[in-house]
Amino acid sequence: MKIYVVYDSEGGHTEALARSIAEGAKQVERAEVWLHHVRDADIYELAQMDAIIWGCPGHFGTISAGLKAWIDRLGYLWAKGKLVGKVGAVFCTTATVHGGIEATMLNLITPMFHHGMIVVGLPGNIPENALYGSYYGVGVTCPVEPSPDDPPNLPTENDLALGRALGHRVAEITKKLTANS
């Protein structure tokens, strides 16, 4: 079972979350996980995947330019129906509370629906999600550092736990869907 995690990250915040998602997916038997920054991700590899998880920093309530440009290159795969039936999930980070986390995730989910993917969110029965999360995927706030010279305010352990939970959930659902493959 092949799971592709692709992310855009500028200050390391979203990359840390992406790594936790990949870690959670790897905990499931049979899961092979690819983790790529968007600049290194190959859209043509997606056709061989069983699940695709993508995420980025939220920019004013929408997708970062780097990931958006990558998604916009998926037209060939859409035209050929290459992503139909694949499991999909999303994640994002923002710098401020109410900085557009859910709007960004909804914008990330929309192309998945256009491709005919099966979108997986995160349910409320996960303790960290009930307190800190969203049902659309994983969205976390990493406050802006007071100075550019300060170390980054990376995701907290609760944030990373949500990432691992999403990766694990996607892998478990993908495992069920590919059991007879």
Side-chain angles (χ1 to χ4, degrees), residues 1-9 13-38 41 43 45-58 61-64 66-68 70-71 74 77-78 82-94 100-130 132-141 155 158-179:
M1 148 179 87
K2 298 176 181 178
I3 300 170
Y4 203 86
V5 181
V6 62
Y7 65 93
D8 190 12
S9 187
H13 308 89
T14 311
E15 179 179 3
L17 187 56
R19 288 187 183 287
S20 73
I21 291 166
E23 181 184 320
K26 287 177 184 176
Q27 293 172 356
V28 176
E29 182 185 359
R30 292 186 23 235
E32 296 177 63
V33 180
W34 284 255
L35 175 67
H36 291 291
H37 188 282
V38 69
I43 63 169
E45 290 180 334
L46 298 181
Q48 282 71 52
M49 298 298 140
D50 299 302
I52 303 160
I53 307 169
W54 60 49
C56 65
T62 195
I63 306 171
S64 68
L67 186 60
K68 179 69 169 88
W70 186 82
I71 290 170
L74 302 179
L77 297 174
W78 171 83
K82 297 288 187 179
L83 305 185
V84 172
K86 295 186 185 299
V87 175
V90 301
F91 61 99
C92 76
T93 60
T94 60
I101 286 175
E102 289 189 341
T104 301
M105 286 192 284
L106 289 170
N107 283 307
L108 288 166
I109 289 169
T110 300
M112 291 182 167
F113 284 132
H114 282 257
H115 281 277
M117 296 173 69
I118 302 164
V119 178
V120 173
L122 208 53
N125 68 342
I126 297 169
E128 295 86 0
N129 200 42
Y132 309 107
S134 169
Y135 303 111
Y136 305 117
V138 175
V140 302
T141 301
N158 283 331
D159 299 334
L160 299 175
L162 284 172
R164 288 188 294 273
L166 180 67
H168 192 270
R169 180 168 162 75
V170 167
E172 285 291 348
I173 289 171
T174 304
K175 183 178 176 181
K176 289 176 185 175
L177 292 174
T178 61

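Starting from 1, each residue takes its place in the sequence as its number.
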Side chain to side chain contact (heavy atoms under 4.5 Å, CB included) between Leu122 and Tyr135, worked out: CA-CA 5 Å; Leu122 208 53; Tyr135 303 111; over 6 Å; no
Mutual orientation of the aromatic rings belonging to His37 and Tyr7 [parallel < 30°, tilted 30-60°, perpendicular > 60°]: perpendicular
Sub-4.5 Å side-chain heavy-atom contact between Tyr4 and Gln48: no
Closest non-hydrogen atom pair between Glu32 and Trp34, with its separation: O-CZ3, 3.5 Å
Distance, nearest 0.5 Å, that separates CD1 of Ile52 from NZ of Lys2: 12.5 Å
Nearest-0.5 Å distance, NZ of residue Lys86 to CG of residue Leu77: 9.0 Å
Spacing of CD1 belonging to Ile101 relative to CG belonging to Leu106, to within rounding of 0.5 Å: 12.0 Å
Ile63 side, atom CD1; Thr110 side, atom OG1 - distance, nearest 0.5 Å: 7.5 Å
NZ/NE/NH1/NH2 to OD/OE distance under 4.0 Å, Glu15 and Arg19: yes
Short side-chain donor-acceptor distance under 3.5 Å, Asp50 and Thr178: no
Enumerate donor-acceptor pairs with a distance under 3.5 Å from any side-chain N or O in residues 163-174 to protein atoms, sequence neighbours excluded.
from: Arg164; atom 1: NH2; to: Glu157; atom 2: OE2; distance (Å): 2.3
from: Arg169; atom 1: NE; to: Gly121; atom 2: O; distance (Å): 2.7
from: Thr174; atom 1: OG1; to: Val170; atom 2: O; distance (Å): 2.7

Asp8 vs Pro57 side-chain heavy atoms within contact, under 4.5 Å: yes
Reported CD1-to-CG distance for the pair Ile71 and Leu108, which is rounded to 0.5 angstrom: 5.5 Å
Contact summary for Ala18 and Phe91, nearest pair of heavy atoms: CB-CZ, 3.7 Å
Check against side chain to side chain contact (heavy atoms under 4.5 Å, CB included), His114 and Leu74: CA-CA 11 Å; His114 282 257; Leu74 302 179; over 6 Å; no
Neighbour count >12 (heavy atoms, 6.0 Å) for atom NZ, Lys175: yes
